[in-house]
Amino acid sequence: MSIPRHVAIIMDGNGRWAAQRGWPRIKGHKAGVKAVEDILEAAVAEGIGHLSLFAFSTENWKRPGPEVASLMALLRMYLRMFRRRFIEKGIRFHHLGAIEGMPQGIQQDLRELEAATAAHPGLVFHLALNYGSRLELVQAARRCIEDGLKAETITEKSLQARLWTGDAPDVDLLIRTSGELRLSNFLLWQSAYAEFYVTETLWPDFGAQQLRDALDAYQQRERRFGGLAITET
Ligand code: FPP
């Protein structure tokens, strides 16, 4: 099977990675950002078209205040640093989620990064921040109504076009690190036929080789989309 057009990753295990070393959780998140940088590079090298990373969910605000604040500070710093990298590598940046719920400064950074990279022809990097799939579906339904669609003209296509992922292709490969077997409200619609790959590796230890292993596993899969295998009669 060919290279997946859209790879989505639920990055999990930063806290445990830090705890294993007796370090505060934020050190795990810092190491997690380094893994993001490496995976972006590896995804470009592998020829992946769309990469979606789940960095902060609509539910993550429930975490202790100091952890949320440090995560936001880290994000702000890296969004600025990423700018140069995206320009060098021709990466198009796209935010997934309810932007109005993010701190003002980050909203501005996200919009600027999207605008600065909008014409880039390479990898599309979708970063999910303040993202929840159910909320995405609710806002898509609202947008159908706002756009004046009648009940009978609402189709899978018209609803899908109003998801935050817009015209991105469906997820082909969904990876989750740290061994958890949950979707956690990530890209529920877009992953309807995704192949799942779960690894025990904690996110900070997930690098180019681990992505290659996931792609190799994907290539062994037989995708039927509800039909029959080609070899079956
Ligand atoms: C999951 O590990 C990780 C997160 C909720 C945050 C992920 C965020 C980053 C890697 C930073 C992203 C930043 C940029 C700039 C892309 P966890 O904290 O749930 O770990 P645990 O399950 O071991 O507790």
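When a ligand or atom number is given, it counts from 1 through the structure's own listing order. Since the model is a prediction, treat every value here as computed from it, not as a measurement.
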Indicate yes or no: does an N/O atom of Trp17 lie under 3.5 Å from an N/O atom of ligand 1?
->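 Checking ligand 1 against Trp17, no N or O pair falls under 3.5 Å apart.
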
Distance (rounded to the nearest 0.5 Å) between Ile48 CD1 and His50 NE2 |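 One finds 11.5 Å between CD1 of Ile48 and NE2 of His50.
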
CD of Gln190 to CG of Leu96: how many Å apart, nearest 0.5 Å?
->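 Interatomic distance, Gln190 CD to Leu96 CG, rounded to 0.5 Å: 8.0 Å.
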
Return yes if some donor-acceptor pair links the side-chain N/O of Tyr131 with the main-chain N/O of Leu187 below 3.5 Å, else return no.
->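 Between the backbone of Leu187 and the side chain of Tyr131 there is a qualifying donor-acceptor contact (under 3.5 Å).
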
With no hydrogens and no angle check, is any side-chain donor or acceptor of His29 less than 3.5 Å from a backbone partner on Leu71?
->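 No: the side chain of His29 does not pair with the backbone of Leu71.
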
Would you please classify the geometry between the Phe86 ring and the Phe93 ring as parallel, tilted or perpendicular, with 30° and 60° separating the classes?
->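 Correct class here is parallel.
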
For the residue pair Phe186 and Phe54, does the interplanar ring angle fall in the parallel (under 30°), tilted (30 to 60°) or perpendicular (over 60°) class?
->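 Parallel.
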
Which of these, [options], has its nearest heavy atom closest to [atom]?
| atom | options | result |
| --- | --- | --- |
| atom 5 (C) of ligand 1 | Met72, Arg63, Arg76 | Arg63 |
| atom 7 (C) of ligand 1 | Ala55, Gly28, Ala18 | Ala55 |
| atom 16 (C) of ligand 1 | Val33, Leu127, Leu129 | Leu127 |

Specify the protein heavy atom at minimum distance from [atom]: its residue, its atom name, and the distance to 0.1 Å.
| atom | value |
| --- | --- |
| atom 20 (O) of ligand 1 | Gly15 N, 3.0 Å |
| atom 10 (C) of ligand 1 | Asn14 ND2, 3.5 Å |
| atom 24 (O) of ligand 1 | Arg25 NH1, 3.1 Å |
| atom 22 (O) of ligand 1 | Arg16 NH2, 2.8 Å |
| atom 14 (C) of ligand 1 | Leu75 CD2, 4.1 Å |
| atom 1 (C) of ligand 1 | Met11 O, 3.2 Å |
| atom 15 (C) of ligand 1 | Tyr78 CB, 3.6 Å |

Could you tell me if any non-hydrogen atom of Phe82 lies under 4.0 Å from any atom of ligand 1?
->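 The answer is yes, since Phe82 has a heavy atom less than 4.0 Å from ligand 1.
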
Establish, yes or no, whether a centroid distance under 6.0 Å links the rings of His126 and His6.
->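 Yes - the distance between ring centres of His126 and His6 falls below the 6.0 Å cut-off.
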
Is the closest basic N to carboxylate O distance between Lys150 and Glu152 below 4.0 Å?
->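 No, this pair does not count.
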
